[in-house]
Amino acid sequence: QSGLLHKYKGILFSSMSSEGLLDSLDSFDAREDDIFLVSYPKSGTHWVAEVIENIPNVGITLTSPIEWGDVSKFEELKMVPKRRVIPTHLSYEMIPRTVKQKQCKIVYVIRNPKDTAVSLFHYYRDNPNLPSPETWAAFLELFLKGDVVYGSWFDHVLSWEKHKNDKNVLFLFYEEMKKDFVKSLNKITDFLGFDVNDSDISKIARNTSFSEMKSNAVKENCDPNHTICALTSDRNLVFRKGVVGDWINYFTPKQRSAFDELFMEKMEHSDVGRCLKEYTNSD
Ligand code: A3P
């Protein structure tokens with residue numbers, strides 16, 4: 001596709017994920033108290049990371065993504081003295097073995113795939129680390145074929161859905177966070193075992209609103225140590241619109257039916273698919 005991406009076991013990765021690192025994922029030594037923040041790109045990862053970081057006295061260090069860098073990565077992660085929150089866009093299959101053995105807590109963020117596709121389209125266009133697509137139509141075709149970074153949205157979600165009810169896994173829906181932020185926040189703090197009071201909650205809500213995060217991104221310097229998505233360290237590329245349902249402005253009726261047909265086929269037996277339907281239908 002371009003020199004910016006490379007295929008590893010059939011899946012596209014950015015050049016910031018070295019083959020050596022991907023090869024050595026299973027040698028990562030997880031700690032029992034590690035928290036993994038997992039998502040398909042553009043599902044709300046930065047938002048959830050910010051929420052966790054804003055919990056008072058949380059005592060964690062947010063690291064860069066586990067798949068970002070080269071083979072020296074795990075030595076770096078070993079040096080983190082505090083409890084680690086480790087973001088990643090990896091599918092379930094690629095998650096290091098010790099994370100599964102030690103049953104580390106995993107927060108999986110999911111967003112309806114039509115909005116995810118539109119958001120990823122803009123990311124492809126604006127992010128110098130990704131090849132610029134010619135048109136929305138051309139990009140959507142790649143998205144549906146799974147010929148985009150981290151592969152098919154459907155395969156990613158289905159790989160994780162098998163573990164949705166594991167006791168160490170929490171599924172968070174972007175749309176639910178938008179609809180009832182406090183409810184989602186309570187889910188996060190209950191799951192991770194942190195206490196927050198009402199004044200903490202309103203403070204967290206304020207600090208992690210889209211407008212607040214967007215304006216902070218403009219003020220911040222680009223800090224590679226604060227990289228959440230392995231596709232960029234530049235937070236100015238992340239905060240675009242932050243709404244539910246923007247897809248309606250992009251999909252033609254024909255694209256909609258192609259999408260819906262694939263969605264029905266892939267998500268036929270998926271509970272998550274049923275939950276998301278409300279957001280992929282416009283009528
Ligand atoms: P849009 O491109 O639709 O605006 P990720 O963090 O996984 O890369 O996801 C990025 C998407 O989440 C972008 O979607 C971004 O605007 C949105 N987002 C980031 N912070 C948000 C917030 N605080 N509230 C709502 N949406 C947010």
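One-based numbering, in listed order, for ligands and for the atoms of each. Since we're looking at a predicted model, the values are computed, not measured. The analysis underlying the following values was restricted to heavy atoms, covering all of them including side chains, and did not include hydrogens, waters or symmetry mates.
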I'd like to check whether [X] has a polar contact with ligand 1, where a contact means an N/O of the residue lying under 3.5 Å from an N/O of the ligand.
| X | value |
| --- | --- |
| His46 | yes |
| Met213 | no |
| Ser43 | yes |
| Gly242 | yes |
| Arg240 | yes |
| Ser39 | no |
| Asp115 | no |

> Which of the numbered atoms in ligand 1 are below 4.0 angstrom from a heavy atom of Ser209?
Replying inline: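 Near Ser209, meaning under 4.0 Å from one of its heavy atoms, ligand 1 has 23 (N).
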
> Against heavy atoms of Thr45, which atoms of ligand 1 measure under 4.0 Å?
Replying inline: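 Those qualifying, in numeric order: 5 (P), 6 (O), 7 (O).
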
>> Using the salt bridge (charged side-chain N to carboxylate O under 4.0 Å, His left out) definition, which of the options Lys241, Lys114, Lys42, Lys178 pairs with Asp246?
In response: Lys241

> Do you know which of Lys78, Lys102, Arg97 makes salt bridge (charged side-chain N to carboxylate O under 4.0 Å, His left out) with Asp29?
Replying inline: Lys102

> Can you find a side-chain donor-acceptor pair between Tyr8 and Glu67 that sits under 3.5 Å?
Replying inline: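 No pair is found: no donor N or O on one side chain lies under 3.5 Å from an acceptor on the other.
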
Indicate the atoms forming the closest heavy-atom contact of [X] with [Y], along with that distance.
| X | Y | answer |
| --- | --- | --- |
| Ile228 | Ala49 | CD1-CB, 3.7 Å |
| Met213 | Asn207 | CG-O, 4.0 Å |
| Trp247 | Asn281 | CZ2-C, 4.0 Å |
| Phe191 | Lys167 | CE1-O, 3.7 Å |

Return the closest protein heavy atom for [atom] as residue, atom name and distance.
| atom | value |
| --- | --- |
| atom 13 (C) of ligand 1 | Val238 O, 3.5 Å |
| atom 1 (P) of ligand 1 | Ser119 OG, 3.4 Å |
| atom 8 (O) of ligand 1 | Lys42 NZ, 3.0 Å |

>> Does the plane of the ring in Phe263 sit parallel, tilted or perpendicular to the ring in Phe259? Use 30° and 60° as the thresholds.
In response: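 Answer is parallel, since the angle falls under 30°.
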
> What class does the angle between the rings of His156 and Tyr108 fall in, given that below 30° is parallel, 30 to 60° is tilted and above 60° is perpendicular?
Replying inline: parallel

Is it the side chain (CB and beyond), the backbone, both or neither of [X] that lies under 4.0 Å from ligand 1, heavy atoms counted?
| X | answer |
| --- | --- |
| Arg111 | side chain |
| Tyr123 | neither |
| Thr208 | backbone |

> Do Glu176 and Lys187 meet the salt-bridge criterion of a basic N to acidic O distance under 4.0 Å?
Replying inline: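 Between Glu176 and Lys187 there is a salt bridge, with a charged N closer than 4.0 Å to a carboxylate O.
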
> Does the pair Arg274/Asp271 count as a salt bridge with the N-to-O cut at 4.0 Å?
Replying inline: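 A salt bridge links Arg274 with Asp271.
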
>> Counting only heavy atoms, tell me which of Ala217, Pro87, Gly44 gets closest to atom 9 (O) of ligand 1.
In response: Gly44

>> Tell me the nearest of Phe121, Tyr174, Phe181, Trp47 to atom 17 (C) of ligand 1, using heavy-atom distances.
In response: Tyr174

